[in-house]
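To start, the structure itself, in structure tokens.
What's counted below: heavy atoms across the whole structure, side chains too, no hydrogens, waters or symmetry copies. Below, read A as the first sequence line, B as the second, and so on, with proteins coming before strands; counting in each chain starts at 1.
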Amino acid sequence: MEHMFTYFRRSVVRTAVRWSLIAAVGLAAAVSCGGKQADRPEATPDKKGKGKTWNRADAEAEYRFIQSELSLIKSGKPYLVLDFKRDRLVIKLKGATVWSYPMAFAEGDAGEVARFQERYQGDGNRLVRTLTGKHLFAAKGQTPDSVLAIVGSAVMVDPNNLQRELPERFQLHWGDNLVLEVRTDITGTPVSRFHNAMIEIGKILYKPFGEAILVVKIDPEEGLTLYRATPVGMATLIYPPSQ
Amino acid sequence: MRRFLIIVIVVVVVVAAVLVTMVIITNRRISSQYKETDALDSTKYTLPADAKAAQKTLREARAALAKFRPTGKYVVINTHANRLSWRSEDSVFYTWTCSTGTGGELIDSVTHRKWVFDTPRGVFKVSSKIKEPWWRKPDWAYIQEDEKIPKNESERYDPEMMGEYAIGFGDGYFIHGTIYERLLGISVTHGCVRLGSEDLEILWSLAKYGTYVYIF
């Protein structure tokens, strides 16, 4: 009987030791993996994503984009969205789309677009930039000067202030040699031949140092809106955000 | 011969240097008309480390953004091109030519009162709808025409000027008709938005009280 108890006690102790060891090894493994958890994608289902797997990098990018847009909404001013997912130029006001036009690339290829996106976001994944410069190459008057002269005198306003010029071609600059060149199919009068020539030469000179120029074609009337509604200093948001 | 070559080379080098300098100055001047600030740093936004907390934070952020996206149809007034659109977030249903403010100023030489004839920019809501509106001529209308401001209030009213309908979006500003339809497309108004009579009739039937009006 005593022998039996001894045997029982021994087997219980052995089992307890065995389970303790397994638990200790398991705990050690969990602790060692826990340190690297942040580096691995978290594969838990996202409740709102309707069965989509939760991906930390995607979520961080989306969150950065949402917060950036919310900060622009808060400013109360219109902002430009370069939507490379839908290839559209969008002007938004307080989160609502007020103007939108497809980005039809006149020059370059998908590689150029990718270079532009990469350069825009840089190493720090910047989503918001402000327009640092703008240059109108050539434009054409939308309304005949004779009409404007009559209207100007009637409403007591300088006729030049009433003229809305349809742009033939203009550039938007974001610094870091990021340029969006917009072209329409009308022929206008050059605004400054000298500056135009300097920019053309600059385009060739800067190219080897990593310039990202996107050239898009646009309807003249829509070009007028884009040119006038994008003042220097305007905030611009890029989509989609890179991870 | 050798001296001539040296002179030619020097001239070419100097001209090239001047040209490159001018190109750099011009390009730099154009691309830095505005100094970029660091106020809009999107890299500072990060989710909490815990997965569940991160999912919750992201859901809240999505909801916060969704609140600003209009769910119904709304009016957009493009003052840059003098266009008025009836649209939703994804589609444009109508686009009409309109007229917006001149941006001009008027100062009364006697009282030194000042008026700026600009269409306000921002987000508004349809706050009134008036059929067959009468225009109450404000003081500036008389000052602009070099006329005497009437003492009798009833002399101020004009039944023709605003067309058949007026849709108010606050602070005395309206989308209304005009007797000068030939001037649509040019910025000639004192701040209100003029629309052609047929287009105005359609907008009148579509826009309800509370409909958003975005002006940019």
ask   = Would you find more than 12 non-hydrogen atoms of other residues, nucleotides or ligands less than 6.0 Å from E198(B) atom CD?
value = no
task = Pick one of side chain, backbone, both or neither for L178(A), based on which atoms fall under 4.5 Å of a heavy atom in chain B.
result = neither
ask   = In terms of heavy-atom pairs under 4.5 Å, which option from L47(B), V23(B), N27(B) contacts chain A the most?
value = L47(B)
query = Under a 4.5 Å heavy-atom cut-off, does chain A meet the side chain of Y212(B), its backbone, both or neither?
reply = neither
task = Could you look at I25(B) and say if it's the side chain, the backbone, both or neither that has a heavy atom under 4.5 Å from chain A?
result = neither
query = Would one find more than 12 heavy atoms of other residues, nucleotides or ligands at under 6.0 Å from atom NZ of K73(B)?
reply = no
task = With rounding to the nearest 0.5 Å, note down the distance linking OG1 in T225(A) to CZ in F216(B).
result = 5.5 Å
Most chain B-contacting option - heavy-atom pairs closer than 4.5 Å, from E221(A), Q163(A), Q171(A), E222(A) = E221(A)
task = Pick one of side chain, backbone, both or neither for T79(B), based on which atoms fall under 4.5 Å of a heavy atom in chain A.
result = backbone
query = Within a radius of less than 6.0 Å around CD of E118(A), do more than 12 heavy atoms belonging to other residues, nucleotides or ligands occur?
reply = no
Heavy-atom pair count under 4.5 Å with chain A, highest-scoring of V92(B), V20(B), N78(B), I77(B) = N78(B)
ask   = Atom OG1 in T26(B), atom CG in N196(A): separation rounded to 0.5 Å?
value = 10.5 Å
message = Just checking Y180(B): does its OH atom have more than 12 heavy atoms from other residues, nucleotides or ligands closer to it than 6.0 angstrom?
response = no
query = So what's closer than 4.5 Å to chain B heavy atoms on V179(A): side chain, backbone, both or neither?
reply = neither
ask   = chain A heavy atoms under 4.5 Å from V76(B): which part of the residue, side chain, backbone, both or neither?
value = side chain
note = Whatever's closer than 4.5 Å to a heavy atom in chain A on S187(B) counts as both
query = Counting heavy-atom pairs under 4.5 Å to chain B, which of R164(A), K94(A), K77(A), E69(A) comes out on top?
reply = R164(A)
request  = Report yes if some heavy atom in the side chain of I66(A) is under 4.5 Å from a heavy atom in the side chain of R62(B); otherwise report no.
outcome  = yes
Heavy-atom pair count under 4.5 Å with chain B, highest-scoring of K92(A), Q67(A), Q142(A), E200(A) = Q67(A)
remark   = Cut-off 4.5 Å, heavy atoms of chain B, and the answer for W99(A) is both
task = Heavy-atom distances under 4.5 Å only: say whether V98(A) touches chain B with side chain, backbone, both or neither.
result = both
note = Comparing R87(B), M22(B), R121(B) against chain A, the one with the most heavy-atom pairs below 4.5 Å turns out to be R87(B)
inquiry  = Taking the side chain as everything from C-beta on, heavy atoms only, tell me whether V147(A) gets closer than 4.5 Å to R182(B).
reply    = no
inquiry  = Quick check on I201(A) against chain B: is it the side chain, the backbone, both or neither that has a heavy atom closer than 4.5 Å?
reply    = both
note = Max heavy-atom pairs within cutoff under 4.5 Å with chain B, candidates L224(A), I199(A), L205(A), N125(A), goes to I199(A)
task = Check each atom of Y227(A) against the heavy atoms of chain B and say whether the ones under 4.5 Å are side chain, backbone, both or neither.
result = neither
key: Backbone of T97(A) reached by a side-chain donor or acceptor of E89(B) within 3.5 Å   = yes
note = Residues P70(B) and G95(A): closest non-hydrogen pair is CD-O, 4.5 Å
inquiry  = On a heavy-atom basis, which atom in P48(B) and which in R56(A) lie closest, and how many Å separate them?
reply    = O-NH1, 2.9 Å
task = Test I73(A) against L65(B) for side-chain contact (heavy atoms from CB on, under 4.5 Å), laying out the working first.
result = CA-CA 9 Å; I73(A) 287 170; L65(B) 185 62; 3.7 Å; yes
inquiry  = Between W54(A) and L58(B), does the side-chain contact (heavy atoms from CB on, under 4.5 Å) criterion hold? Intermediate values first, please.
reply    = CA-CA 11 Å; W54(A) 165 260; L58(B) 184 59; 3.9 Å; yes
